[in-house]
Amino acid sequence: MIKITLKDGSVKEAEQGATILEVAKSIHHGLAKEAVAGKVNGKVQGLDYKLEDDCELEILKFEDEDGRHTFRHTSSHVLAQAVKHLFPEAKLGIGPAIDNGFYYDFDLEHRFTDEDLAALEKEMAKIVQANYPEERFELPREEAIQFMEEKQEPYKVELIRDLPEDAVISFYKQGDFTDLCAGPHMPSTGAIKAIKLMSVAGAYWRGSEKNKMLQRIYAVSFPKQKQLDEYLEKLEEAKKRDHRKIGKEMDLFAFFEEGPGFPFFMPNGMILRNELETFWRQAHRERGYQEIKTPLILNVEMWHTSGHWDHYKDNMYFTKIDDNDYAIKPMNCPGSMLAYKRKMYSYRDFPMRVAEMGQVHRHELSGALHGLMRVRTFTQDDAHIFMLPEQITSEIVGVIDFVDYVYNLFGFKYHIELSTRPEDSMGTAEEWEVATNALKEALDGKGIPFIINEGDGAFYGPKIDFHLEDCLGRTWQCGTIQLDFQIPQRFDLTYIGSDGEKHRPIMLHRVIFGSIERFIGILTEHFAGKFPLWLAPVQVKLLTVTEKFAEYAEELGNKLSNEGLRVEVDVRNEKIGYKIREARNERVSYIGVIGEKEMESGTLTVRSSKEGELGTLNLDDFIAKLKKEIEEKAY
RNA sequence: GCUGGUGUGGCUCAACGGUAGAGCAGCUGAUUUGUAAUCAGCAGGUUGGGGGUUCGAUUCCCUCCACCAGCUCCA
């Protein structure tokens, strides 16, 4: 007998060699029914995995992330099997589970159409119906290669060849289909009751644009049809929050064919933007930042000095002035370096925090543009912090806290990534290591979890990235902290130390919002257009029941307006239901209805976009409520 | 940039080898109305641009542009 410690801490005895499924059955019949995999001493295993020693065991259901991955990984094999049935000439790429589903890559001359996807769904249903058991087997390297060569799967052969010498090479067989796979898998294909093939997209083999582009089929699967229906419904709901849709509906911003990737901000959008900037300036003043503004265009020589010419010119726009070459800035740092160099500094001046709302232009690939999230001109809420070596950690921590404060203000969830040295970079390995460690230590010191994003740093230094989610759960980098030993060298920045000698300052680049444009995109989707009151383009809209009350409504409107509130008054000769409907569609924060009883009692009947009906309030109470809400930046 | 898809009045969409239609929005008039659409009338489009096939193209073909999904890239 072996001892199995379960997730709740209880200990269960079982015969040596018992499978996870058998243990699940012995705990509860229902649990065994829902089980999709197990976690043995922290490692995910299939339900048929035999427990040989004392261990910790967690039974995984579809609701558990690891369980869901196993379920969908098996789903991807079902997809591949279906494709092989219908398109035997298709060559297999890879087919992993991802956060919200799974995909499989195929190399195939024929292009998958919507009709093909429908046919594949049917074929997959047959495979599920057949309930093929998943049979695992291992092969030595040469045999494995030979096996896949015989099946004419060149991509699989390449994968096997690239596996480390000592790797166990395993395969999973389900009916007439066998795939190279580390597993684990479901015991059989039968549990995958609901499958939806979502889309086909091109994807480079192994993620490199130098390789052939394969066809990737994205899909989702669930144990129950109902779960799939709910998922699809949720997706539809999420799409209603899309900032491109809401931006149009609320008239916040616009794009025109004349300027792809160049957003126009409309009056309502400018209110949001200006409120954000006002808040930003105040918050920076409180934290000891100065503010500057540097030009959009500087000569090309300077971009050689900064290193941008060598490492970034494909993303830059250029222009000529009097036959001399100039570039439009893609980043604010070089301008900030010139500003720094205008005078001498003492170590006593440090840390020196210099902020800039800087508009930059970058040539992004046409296919990468996405509403306000990725544009070709955007405003970074930039700052450069010049400091002494011993100030590095406290400054980084200060910025992390600043970002956290701002994101919490909106109730954002975020995750942090640490991006390390890219292939195309400046500086020595030692400098990169020191800089990377400084960032890492600051995060570790605060006990903040982060993931490492290898090779994704800026060309001049490693960075901490703060990622926020959009309506579909896609994440976008917003805040970033970048430690830079390179650009201060290139511009020969100095300060006078306590020893009277010249030294090189350490510099930090950082943004909080990241880009105002992207941040507004995220805000819009996060709040579905129902912005916190302090940001709302229209805070109050007064609606008259009939034209009789127009004069009184205008008078109230003026009073509210004089209190600094953004007010509109709708005195049109329309039914009150119609006006309410319209105001709601405009996502006005507070709707005030004014009719006979309100005029007599000097009140208004209020409806909040977030709280619904609030009843009848007198004007002073209403103003006080709104002012408090604005003051608190409540959301 | 790459792969696939889409492009019809301000918005959402219909039609289709025979020269475009609806709803909403807009304008005009009537209605004076109590919590998500009052009624009627009017106006609005060289069907993304260019080229080709055809007696005839919005429809078929080519090309360019933009947008959407994904890849690559990134704030």
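Just so you know, these numbers use all the heavy atoms, side chains as well, and skip hydrogens, waters and symmetry mates. Below, chain A is the first sequence line, B the second, and so on; all start at residue 1.
- With both ends at atom P, the span from B:rC65 to B:rA75 equals 26 Å, rounded to whole Å.
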**Request:** Would you write the dot-bracket representation of RNA chain B, where each base gets (, ), [, ], | or . depending on whether it forms a Watson-Crick or G-U pair under 3.5 Å and with which partner?
**Result:** (((((((..((((....[..)))).(((((.......))))).....(((((..]....))))))))))))....
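- The cationic group of A:R518 does not satisfy the cation-pi geometry with A:F378, failing either the under 6.0 Å distance to the six-membered ring centre or the 45° limit from the ring axis.
- Proximity note for A:V593 (side chain, C-beta onward) versus B:rG34, B:rU38, B:rC68: the nearest is B:rG34.
- Spacing of C1' atoms, B:rA14 relative to B:rG45, comes out at 14 Å, to the nearest Å.
- With P as the reference atom, B:rU28 and B:rC55 are 49 Å apart, rounded to whole Å.
- Under the 4.5 Å side-chain criterion, counting only non-hydrogen atoms from C-beta, A:V375 is in contact with A:P263.
- The base of B:rC71 lies outside donor-acceptor range of the side chain of A:R216, with no N or O pair under 3.5 Å.
- Listed nucleotides: B:rA66, B:rG70, B:rA36. Nearest to the side chain of A:M213: B:rG70.
- Checking B:rG7, B:rU32, B:rG34 against the side-chain heavy atoms of A:I576 singles out B:rG34 as nearest.
- Between A:K329 and A:E356, at least one side-chain N (NZ, or NE/NH1/NH2) sits under 4.0 Å from a carboxylate O, which counts as a salt bridge.
- Rounded to whole Å, the separation between the P atoms of B:rG48 and B:rC11 comes to 13 Å.
- Comparing atom distances between the A:E364 side chain and each of B:rC68, B:rU12, B:rC74 picks out B:rC74 as nearest.
- Checking each of A:Y407, A:F412, A:W476, A:Y414 against A:H526 for a ring-ring contact (aromatic ring centres under 6.0 Å, His included) leaves exactly one that passes, namely A:F412.
- Rounded to whole Å, the separation between the P atoms of B:rG23 and B:rC42 comes to 12 Å.
- Only the C1' atoms considered, B:rG21 is 10 Å distant from B:rU8, to the nearest whole Å.
- Distance from the side chain of A:R374 is smallest for B:rU72 among the nucleotides B:rU72, B:rC71, B:rA37.
- Seen from the ring of A:F222, A:R68 does not count as a face-on cation partner, given the 6.0 Å and 45° thresholds.
- Here, B:rU46 and B:rG10 have their P atoms 9 Å apart, quoted to the whole Å.
- Counting only N and O atoms by type, the side chains of A:S221 and A:K196 include no donor and acceptor under 3.5 Å apart.
- Here B:rA37 is the nucleotide among B:rA37, B:rG1, B:rU3 with the atom lying nearest to any side-chain atom of A:Y578.
- Closest to the A:R474 side chain, of the nucleotides B:rA69, B:rG34, B:rU3, is B:rA69.
- Side-chain to base pairing of A:Y204 with B:rG1: one donor and one acceptor N or O lie within less than 3.5 Å of each other.
- With sequence neighbours left out, the side-chain hydrogen bond (donor to acceptor under 3.5 Å, both in side chains) criterion links A:N268 to no other residue.
- Relative to the side chain of A:R362, the nucleotides B:rU72, B:rC74, B:rA36 differ in distance, and B:rC74 lies closest.
- Comparing B:rU3 with B:rC62, their P atoms sit 15 Å apart, to the nearest whole Å.
- Contact annotation: side chain of A:Q215 to base of B:rU3, donor-acceptor pair absent below 3.5 Å.
- Here A:G577 lies in heavy-atom contact (under 4.0 Å) with sugar-phosphate atoms only.
- In this structure, the nucleotide among B:rC68, B:rC73, B:rG4 sitting nearest to the side chain of A:R111 is B:rG4.
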